[in-house]
There are 2 protein chains.
Amino acid sequence: MSWSIAEVARMSKVTSRTLRHYHDIGLLAPARRGANGYRYYEQPQLLRLQEILLLRELGLDLDSIGQIVAGEQDQLSALRRHYGWLQSERERLAEVARTVEDTIRKLEGGEEMTAEQLWNGFDPNSEKARALAAEAEERWGPQVATVNRKVAKWSKEKWAQIQQQYGDASQRIAELMDAGLPADDPQVIEAVDGHFQWLLNFWTPNRQSYAGLGDLYADDPRFAEQLNAVRPGFAEFMRHAMTAYALVRL
Amino acid sequence: MSWSIAEVARMSKVTSRTLRHYHDIGLLAPARRGANGYRYYEQPQLLRLQEILLLRELGLDLDSIGQIVAGEQDQLSALRRHYGWLQSERERLAEVARTVEDTIRKLEGGEEMTAEQLWNGFDPNSEKARALAAEAEERWGPQVATVNRKVAKWSKEKWAQIQQQYGDASQRIAELMDAGLPADDPQVIEAVDGHFQWLLNFWTPNRQSYAGLGDLYADDPRFAEQLNAVRPGFAEFMRHAMTAYALVRL
DNA sequence: CTTGCAGTTGACGTAACGTCAACCTCTAAC
DNA sequence: GTTAGAGGTTGACGTTACGTCAACTGCAAG
């Protein structure tokens, strides 16, 4: 039993380009090649591929992976080394983040906040956020209260991250809108998934509620104002895009 | 007043190649070019360079930096976005590290520890480490006790990181030894700096004590055994290299 | 026989430079 | 006046892990 490159790609959720690349760098050669040059893989190659992908998920580079699967390096010591690297990299990022934070504070001291800096409006302590939260609690009940309690405990780091996640998602969607794509274009749907993933930080929508949130975005002037600050007409575009997303994916 | 590319490079601690690169990508053009094609920079360029380097230290990519110094993007919102990215990247690494940790534990369950996995021998709870610590305390007194108390509080992440720092440093030195370089070669000295930096996690040596440690490495059979496991003759090489380092740098 | 999907081999692009190579220019010493 | 040495120039390749064409071939179905 042997499989073609596309079959292997589908089975292992990698692209055929990746498999060709692995062949090029000698990480995973196919079992044989057809007279036409096609690559054919068999059981042992699949097992090796699984091993490779497992190590890849751990963040190891292909070179190290190659040494490990070839038995040239001890897997355990390679992982220990990698673990140490991960820790120091993490610490480095933490230090950089601290410096960035200090810089932001210094800049904030001198400058007033501009509208752009408030583009997302999701500061949990803002008037607007509090008003929305109270209203939401009244309209949707105790679930919202749970969310409110959850997010109140988030650190400023987590807030910054989620804020940026939202910013990135709407930015991507807005760019597709700029490109003239319709709101139900597959690319737009895919980009809306970024918004959906972001929303999962707060609650888990279903088809109805996600589309409903889209309506709220366009109908509630406070939301609409936020969104249209990104691009004129963005709120309406989001409504359609979210509805399309809900239909296709939820 | 104008400066040549090498002068600017020295003043700002970047390479001239970097300055040429920044010119190529339009991030920092020189004030003028001589008839011979030489780049000449003046005050405004230096200021702009300082700004660029400051942002670079914060981990921003050159593209974003370009937009900021060109005034096309708000510095504050760019930094906020970057801060969010740093946090999510940090969290991603933490998750990967956890997975790696789990994998290591699984592997450890099945396999015996090999000599290679113990190459550094710096597990603080090992017999060997305890014996050395007790002896050191007897020989060098209360300073060692302080260090012992300090390291006892380190987390396993920190230990892994420091362990790997040591492993990397000795690996680099050993490779230079393989290449046949003498122990006082500038490249070796530079590599020994990695060992010195690692040692700073424990205590701060001076010229005498660092060279003394080198002697200990070669003379004390317990240390020598560790080191010679990396490469035969490595302990003796380290003694010379550390002595050379102490003379040149300390 | 055509259509269309799936396969092939290049080759370029990505980030931020490091590191040659081959050649030119300046400065100071002999 | 020459020469050595430091410093300048423009390419161009290498790094990571593929994505993304482009141009072409193979194979099965209508």
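First the proteins, then the strands, lettered A, B, ... as listed; each starts at 1.
One side chain, B:S64 or B:D61, offers a donor N or O that lies under 3.5 Å from an acceptor on the other.
Residue B:L62 contributes atom CG, which lies 13 Å from atom P of C:dT14 at whole-angstrom precision. For B:L58 and C:dA16, the CG to C1' distance is 17 Å, given to the nearest whole Å. Rounded to whole angstrom, the span from the NE2 atom of A:H23 across to the P atom of C:dT9 amounts to 8 Å. As rounded to whole Å, 11 Å separates atom C1' of C:dA16 from atom CD1 of B:I65. If you take CZ of A:R17 and P of C:dT14, they are 16 Å apart, rounded to a whole angstrom.
Distance alone, capped at 3.5 Å, is enough to place a donor-acceptor pair between the B:H82 side chain and the B:L58 backbone.
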Identify each atom pair where a protein N or O and an N or O of nucleotides 5-7 of chain C are less than 3.5 Å apart, giving names and distance.
unit_1, atom_1, unit_2, atom_2, d
C:dG7, OP1, A:S4, OG, 3.1
C:dG7, OP1, A:A6, N, 2.8

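For A:E175 and A:R172, the salt-bridge test fails: no basic side-chain N is under 4.0 Å from an acidic carboxylate O. A salt bridge links A:R249 with A:E190; the closest basic N to acidic carboxylate O contact falls under 4.0 Å.
Take the nearest nucleotide of DNA chain C for B:Y40 and for B:D63: the residue whose nucleotide is more 5' is B:D63.
You'll find the side chain of A:Y22 reaches within 4.5 Å of the side chain of A:T18, heavy atoms only.
Across all strands shown, B:Y22 has heavy atoms under 4.0 Å from sugar-phosphate atoms exclusively, and none from any base.
Side-chain N/O atoms of B:N36 include one lying less than 4.0 angstrom from OP1 or OP2 on C:dC26. Considering only side-chain N and O atoms, B:T18 lies nowhere under 4.0 angstrom from the phosphate OP1 or OP2 of C:dA16.
Within a 6.0 Å radius of CD in B:E57, no more than 12 heavy atoms belonging to other residues, nucleotides or ligands are found.
For A:W3 and A:Y41, the gap between ring centers reaches or exceeds 6.0 Å. A ring-centre distance under 6.0 Å is found for A:H195 and A:Y217.
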What's the verdict on side chain to side chain contact (heavy atoms under 4.5 Å, CB included) for B:L62 and B:H21, showing C-alpha distance, side-chain angles and the deciding distance?
CA-CA 11 Å; B:L62 297 185; B:H21 181 58; 4.2 Å; yes

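When DNA chain D is scanned in the 5' to 3' direction for atoms under 4.0 Å from non-hydrogen atoms of chain B, the outermost contacting nucleotides are D:dG7 to D:dA12.
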